[in-house]
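Quick caveat: nothing in here was measured; it's all calculated off a predicted structure. Chain identifiers are assigned alphabetically (A, B, ...) following the order of the sequence lines, protein sequences preceding nucleic acid strands; residue numbering begins at 1 within each chain.
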Protein chains: 2
Amino acid sequence: MLPSSTVENYLKALHQAETSREDKALVPMGQLATAVGVAPGTATTMVKALADSGLVEYEPYVGVRLSSAGAKLAALVLRRHRLIEQFLVEIVGMSWAEVHEDAEQLEHVVSDRLIERMDAMLGHPAVDPHGDPIPTPDGTVAAPDYHSLLTCPLHIAVTVTRVTDQDANFLRFLEKQDLKPGHSLEVEARDSAADSVQLRTSAGHQITIGTQAASKVLIEVS
Amino acid sequence: MLPSSTVENYLKALHQAETSREDKALVPMGQLATAVGVAPGTATTMVKALADSGLVEYEPYVGVRLSSAGAKLAALVLRRHRLIEQFLVEIVGMSWAEVHEDAEQLEHVVSDRLIERMDAMLGHPAVDPHGDPIPTPDGTVAAPDYHSLLTCPLHIAVTVTRVTDQDANFLRFLEKQDLKPGHSLEVEARDSAADSVQLRTSAGHQITIGTQAASKVLIEVS
DNA sequence: AGTCGCGTTTTGACAACTCAAAATATAGAA
DNA sequence: TTCTATATTTTGAGTTGTCAAAACGCGACT
């Protein structure tokens, strides 16, 4: 029995929650409910059903975690999502800021045939337009461990490789400031009191952004 | 309130049933139920709901008809379906025999933004890979009145313009026999006793097909 | 230890969609 | 006109996914 869109969304949210979490603790119900956009009680009901299907491990009053079967399924949803985003940007010519919503819908209905065709057209890309890694067809995800603009050394040339936020306004801002994946820059200063990070782009522009934003821009030393 | 996939499917089936029908009679429930793939009682329930929403006109024990609002909505679903098919064939390089199933799913989730982008990429095509006309964004459908291989004059060069069947096997057969839209041929004979039609393709091959099949291949004199 | 607060679970209900099978209407034959 | 065959509608029930609000568990603070 193939999983419904609803199930796919719960698994995906769980995957996101798990990977954006240092410890290996269970994801609390409240967080999952918020991520999926349902009332807390709804998440509890759904998670119990998922546990019965063997897709998650559930500890009442503590939280949930993907089982290996659930993790694989989540990876396949993510694969579809990210290949679709890459396709919409590379082939259809849409903006990286606007593809997320479309991919969010399409990921639940594209056939394997079509998704593999897209993958081939794109030359089997490793990452999507935001730098997020694209899982393989067997559900393996590369888990790269990047620095962010918040954690990297100062005064060193770095290259943006990934942006962990899908908000269209934020993405448009980054695009305008030449902070899309591939562009290089260096961090000039951090001010924890002012909650800000000061950057200089390769074009020489100076930009100051908040630490929240800085933590979402991942880089590698170039 | 935007219509669900289910509603869209009922409207689409109704549109198909209405246009493949000489008279302007109402579509009987049984036919609609079969087309949508549900039990008769389910269709009755759904149609009453559609009537309450003003999308159809319903006469108990007689049948249903699309209202103008329903017809427009149906046309927009058809527009999405057919643009997607054209896109999958022209841009993605899929076979015309296999795009129907994918389009069937995608038609309910593509955004207006994406569908108009596809339309532009394709140069605002008038017909899809099967020759079916693509409705305009405001819900207008060209209703061309073709002859079929069953009704056209004998011994005259004609060009295939449209195929009114989505069965993958049938489409593959037509492709192999050079009977896709665009190819020309002539009808050599019809035999009502044998229930068959004899054709000669432009390549000189002679083919005999049944009248059921012949009625699904629409042509124009060339 | 007692109890307060917060997150979680339970409960009861609802909306959308579906089916099987019983009840019913309609048209056509006798 | 009456009967009958067939299509349609009604009924009762089930599935999936959702919510609001009441009940509950658990750790923290006094």
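A donor atom on one side chain and an acceptor atom on the other are found under 3.5 Å apart for A:Asp102 and B:Ser111. The closest side-chain donor-acceptor pair between B:Asp165 and B:His130, if any, does not fall under 3.5 angstrom.
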Let me check something: any side-chain donor-acceptor pairs from residues 34-49 of chain A under 3.5 Å, sequence neighbours excluded? List them with distances.
residue: A:Thr34; atom: OG1; partner: A:Gly30; partner atom: O; Å: 2.9
residue: A:Thr44; atom: OG1; partner: A:Pro40; partner atom: O; Å: 3.4
residue: A:Thr45; atom: OG1; partner: A:Gly41; partner atom: O; Å: 3.0

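A distance-only check finds no donor-acceptor pair linking the side chain of B:Arg172 to the backbone of B:Glu98 [under 3.5 Å].
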Where protein sits on nucleotides 5-25 of chain D, one letter per nucleotide: B base, S sugar-phosphate only, - none, heavy atoms under 4.0 Å:
---SBB------SSB-----S
Measure all distances between protein nitrogen or oxygen atoms and nitrogen or oxygen atoms of nucleotides 27-29 of chain C, and list the pairs falling under 3.5 Å.
none

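By the 4.5 Å heavy-atom criterion applied to side chains, A:Ile134 and A:Asp119 are not counted as neighbours. Under the 4.5 Å side-chain criterion, counting only non-hydrogen atoms from C-beta, B:Glu85 is not in contact with B:Leu88.
As a whole-Å value, the separation of A:Leu26 CG from C:dT8 P is 12 Å.
Dense packing is recorded around CD of B:Glu175, with more than 12 heavy atoms of other residues, nucleotides or ligands lying under 6.0 Å away.
B:His81 pairs with exactly one of B:Gln86, B:Glu8, B:Lys12, B:His100 by the side-chain hydrogen bond (donor to acceptor under 3.5 Å, both in side chains) rule, that one being B:His100.
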